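Since the structure comes first, as structure tokens, the remarks are kept for the end.
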Amino acid sequence: MSAAAAAAAAAHLGGSGSIPFGVHASPMAAHLGPALSGLSAASWGGTAGLAAAGSMDSIGSPTLATHAQHPAAGFGGGAAGGSGGGAPQLGFEDAAFAADDWRVMGDVQQLHKALLVKEQGILYEDTYLQIGLQSRYTRSNGELLLFLGNKHASSTLTGLALLLSGPSPAVQVVVGQLPLQLAPKQQVQAVVHVTCLHSFLEAPRLQLRYGCGGRQVVQELLLPLAPHKFMLPEPHIAKEAYFDKWKNYQGPPLKMQQMLERPTPLSIDATLLLLRGLNFGVEHLYLDPSPNNEAGAAYFICGQPGAEQALLCQCRVEGNPQNRMQFRVTVAAPDPVLASSVKDMIAAHIMAMP
């Protein structure tokens, strides 16, 4: 943005270089302690004092490929017997496992966190079984395609079942049927249909059950669902409409805010990629003229088809230009659960990014 354009934008928004974002502390501020070192209230108050020279290269929004590479490709290549209606034929290492060798492989929480910002990957893996996931969302509806593969070289998995164990009143879940047995090196599919009825904080859970040899396995699987999965990006919202909504929210619980301090800097590019991965429509310098801040919008869609609601969700992420390790996250929405959930999601991913 040129200096003249920035000045014109500032004049339109009312203030010398400041944008009409209100500053409202959330209840969490009490747990954050004193103001972050090196940041004054004035420097956080608007774009004046936060602006820095330079700009960034644009980043295209991530494309969700419906027919992307199969998420369970980690099984390896090669032909193998299996079923699953068109799923790739997967290869398996020839290995046998004793019943007492069983263990969960990898960090299940990290696998879950990764799937919150991407559409395919590994949901769960243990010594005998791997579950890959590929998902797609259309407004308030989602389809999660699970690929269950028996890694065992010689033993059949028996009593295979996926059951809804932790339902959420906000999300309707229908789990497809599975065969009771899974032969060695075989892969099958199960479809999980979800409908978001309203905003939520906790996602539904599935219970996985199967037997192998003398071992019975029972595991809880948290579905990688959060309100942002049902959001539609709105990168070109009219500025007047955006700020009219933003100023109407005077603070919690409809405008939630959190201060963060990372151990390492987070680049502008990474911040943009994160917000777009959470389905916010964000255009650098469009809503917020400071090169260190990002602001975006999305519509959260909930309800049964034919009776859906579209709720505007707005976000702003401000970075300390001195080091880009300190951030303030603000999310505004007409639903308090939506505002709180999305704010927590953005904050968690800012802190978790390398």
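Values below: every heavy atom of this structure, side chains too, minus hydrogens, waters and symmetry copies. Values in this document were obtained by computation on a predicted structure and should not be read as measured data.
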Review point. If you round to the nearest 0.5 Å, how far is CD of Gln189 from CD of Gln134?
Key: 9.0 Å

Exercise for review: Ignoring hydrogens and angles, state whether a donor on the side chain of Glu294 or His284 is under 3.5 Å from an acceptor on the partner side chain.
Suggested key: yes

Exercise for review: Answer yes or no: are there more than 12 heavy-atom neighbours, outside Glu202 itself, under 6.0 Å from its atom CD?
Suggested key: no

Review point. When clusters are formed from ILVMFWY side-chain contacts under 4.5 Å, directly or step by step, what else is grouped with Leu201?
Key: Val337

Revision key, fill the gap. In terms of heavy-atom contacts, Thr330 and Glu318 come closest through OG1-OE1, 4.4 Å

**Study point:** Ala310: side-chain contact (heavy atoms from CB on, under 4.5 Å) partners, not counting sequence neighbours
**Key:** Tyr299, Ile301

Review point. Is any side-chain heavy atom of Val218 less than 4.5 Å from a side-chain heavy atom of Leu208?
Key: no

Practice item. Would you confirm whether Arg215, through its side chain, and Tyr210, through its main-chain N or O, come within 3.5 Å as a donor-acceptor pair? Key: no

Review point. Does Phe280 have any ring-ring contact (aromatic ring centres under 6.0 Å, His included) partners at least two apart in sequence or in another chain, and if so, which?
Key: none

Check your understanding: Taking all atoms of both residues into account, what is the closest heavy-atom pair of Gly149 and Leu129, and its distance?
Key -> O-CD1, 3.3 Å

**Study point:** Qualifying salt bridge (charged side-chain N to carboxylate O under 4.0 Å, His left out) pairs with a residue from residues 104-116, counting only residues at least two apart or across chains
**Key:** none

Exercise for review: Report yes if some heavy atom in the side chain of Val329 is under 4.5 Å from a heavy atom in the side chain of Cys315; otherwise report no.
Suggested key: no

Practice item. Please identify each residue that fulfils side-chain hydrogen bond (donor to acceptor under 3.5 Å, both in side chains) with Asp335, with sequence neighbours left out. Key: Ser199

Review point. Is a side-chain donor or acceptor of Asn248 paired with a backbone partner of Asp244 at a separation under 3.5 angstrom?
Key: yes

Check your understanding: Are the side chains of Gln257 and Arg328 in touch, meaning some heavy atoms are under 4.5 Å apart?
Key -> yes

Point to revise | N/O donor-acceptor pair under 3.5 Å between Gln314 side chain and Tyr242 backbone | key: yes

Practice item. Might you point out which heavy atoms bring Leu182 and Leu148 nearest each other, and give the distance in Å? Key: CD2-O, 3.8 Å

Point to revise | Path from Trp102 to Leu157 over hydrophobic side-chain contacts below 4.5 Å | key: yes

Point to revise | Residues Asp126, Val217; criterion side-chain contact (heavy atoms from CB on, under 4.5 Å); working and verdict | key: CA-CA 10 Å; Asp126 63 32; Val217 175; 4.2 Å; yes

Revision key, fill the gap. Heavy-atom nearest pair, Asn323 first then Pro265, reads O-CB, 3.4 Å

Practice item. Apply ring-ring contact (aromatic ring centres under 6.0 Å, His included) to Phe200 and list each qualifying residue two or more places apart in sequence or on a separate chain. Key: none

Check your understanding: Going through the checks in order, is the side-chain contact (heavy atoms from CB on, under 4.5 Å) test met by Gln207 and Leu162?
Key -> CA-CA 6 Å; Gln207 186 180 82; Leu162 275 175; over 6 Å; no

Exercise for review: Taking the side chain as every heavy atom from C-beta outward, state whether Ile122 and Leu133 have any pair of such atoms under 4.5 Å apart.
Suggested key: no

Review point. Which value, rounded to the nearest 0.5 Å, describes the distance between Leu311 atom CG and His198 atom NE2?
Key: 12.0 Å

Check your understanding: Just by distance, do the side chain of Thr138 and the backbone of Asn141 share a donor-acceptor pair under 3.5 Å?
Key -> no

**Study point:** Euclidean distance, His236 NE2 relative to Tyr286 OH, rounded to 0.5 Å
**Key:** 8.0 Å

Practice item. Working to the nearest 0.5 Å, report the span between CG of Asn293 and CZ of Phe327. Key: 9.5 Å

Point to revise | Leu260 and Gln326, any side-chain heavy atoms less than 4.5 Å apart | key: no

**Study point:** side-chain hydrogen bond (donor to acceptor under 3.5 Å, both in side chains) between Lys343 and Gln258, intermediate numbers included
**Key:** CA-CA 8 Å; Lys343 185 270 296 179; Gln258 185 172 348; 3.1 Å; yes

Point to revise | Under 3.5 Å: donor-acceptor pair, side chain of His228, backbone of Leu116 | key: yes

Practice item. Over 60° means perpendicular and under 30° means parallel, so classify the ring planes of Tyr128 and His152, tilted if in between. Key: tilted

Exercise for review: To the nearest 0.5 angstrom, please state how far the CG atom of Leu197 sits from the OG atom of Ser140.
Suggested key: 8.0 Å

Practice item. State plainly whether one hydrophobic cluster holds both Leu115 and Val108, where clusters connect Ile, Leu, Val, Met, Phe, Trp and Tyr through side-chain heavy atoms under 4.5 angstrom apart. Key: yes

Anything under 3.5 Å between a donor and an acceptor, one on a side chain of residues 166-180, the other on a protein residue two or more places apart or in another chain? List them.
{"unit_1": "Ser168", "atom_1": "OG", "unit_2": "Ala170", "atom_2": "N", "d": "3.2"}
{"unit_1": "Gln172", "atom_1": "OE1", "unit_2": "Gln304", "atom_2": "NE2", "d": "2.9"}

Check your understanding: Checking Gln130 side chain against Thr127 main chain: does a donor-acceptor pair fall under 3.5 Å?
Key -> no

**Study point:** Closest approach of Ala226 to Met345 (non-hydrogen atoms, all atoms of both residues)
**Key:** CB-CE, 3.5 Å

Exercise for review: Report the residues that fulfil side-chain contact (heavy atoms from CB on, under 4.5 Å) with Val191, sequence neighbours left out, ordered by chain and then residue number.
Suggested key: Glu143, Leu145, His193

Review point. Sub-3.5 Å donor-acceptor pair from the side chain of Arg324 to the main-chain atoms of Thr264, do we have one?
Key: no

Revision key, fill the gap. In terms of heavy-atom contacts, Leu312 and Ala297 come closest through CD1-CB, 4.0 Å

Review point. Residues in side-chain hydrogen bond (donor to acceptor under 3.5 Å, both in side chains) with Ser135, at least two apart?
Key: Glu119

Practice item. Mind running side-chain hydrogen bond (donor to acceptor under 3.5 Å, both in side chains) on Thr156 and Gln181 for me, showing each step along the way? Key: CA-CA 7 Å; Thr156 296; Gln181 295 188 342; 5.6 Å; no

Check your understanding: Would a 4.5 Å heavy-atom cut-off, applied to side chains only, mark Leu254 and Pro334 as touching?
Key -> no

Practice item. Answer with yes or no whether the hydrophobic clustering places Val104 together with Leu160; edges join I, L, V, M, F, W, Y residues whose side-chain heavy atoms lie under 4.5 Å apart. Key: yes

Check your understanding: Are any of the side-chain heavy atoms of Val117 and Leu278 separated by less than 4.5 Å?
Key -> yes

Review point. How long is the span from the NE2 atom in His349 to the CG atom in Leu273, to the nearest 0.5 Å?
Key: 11.5 Å

Practice item. Using the salt bridge (charged side-chain N to carboxylate O under 4.0 Å, His left out) rule, collect all pairs that involve residues 302-314, keeping only residues at least two apart or in two chains. Key: Arg139-Glu308

Point to revise | With Leu222 via side-chain contact (heavy atoms from CB on, under 4.5 Å) - residues at least two apart | key: His112, Ala203, Arg205

Review point. side-chain contact (heavy atoms from CB on, under 4.5 Å) between Leu275 and Ile346: does it pass, once the steps are laid out?
Key: CA-CA 7 Å; Leu275 291 176; Ile346 294 174; 4.0 Å; yes

Practice item. Begin from the C-alpha positions of Ser165 and Leu206 and carry the test side-chain contact (heavy atoms from CB on, under 4.5 Å) through to its verdict. Key: CA-CA 5 Å; Ser165 63; Leu206 298 181; 5.6 Å; no

Exercise for review: Check side-chain contact (heavy atoms from CB on, under 4.5 Å) between Met105 and all other residues, then give those that pass, not counting sequence neighbours.
Suggested key: Arg103, Glu125, Lys151

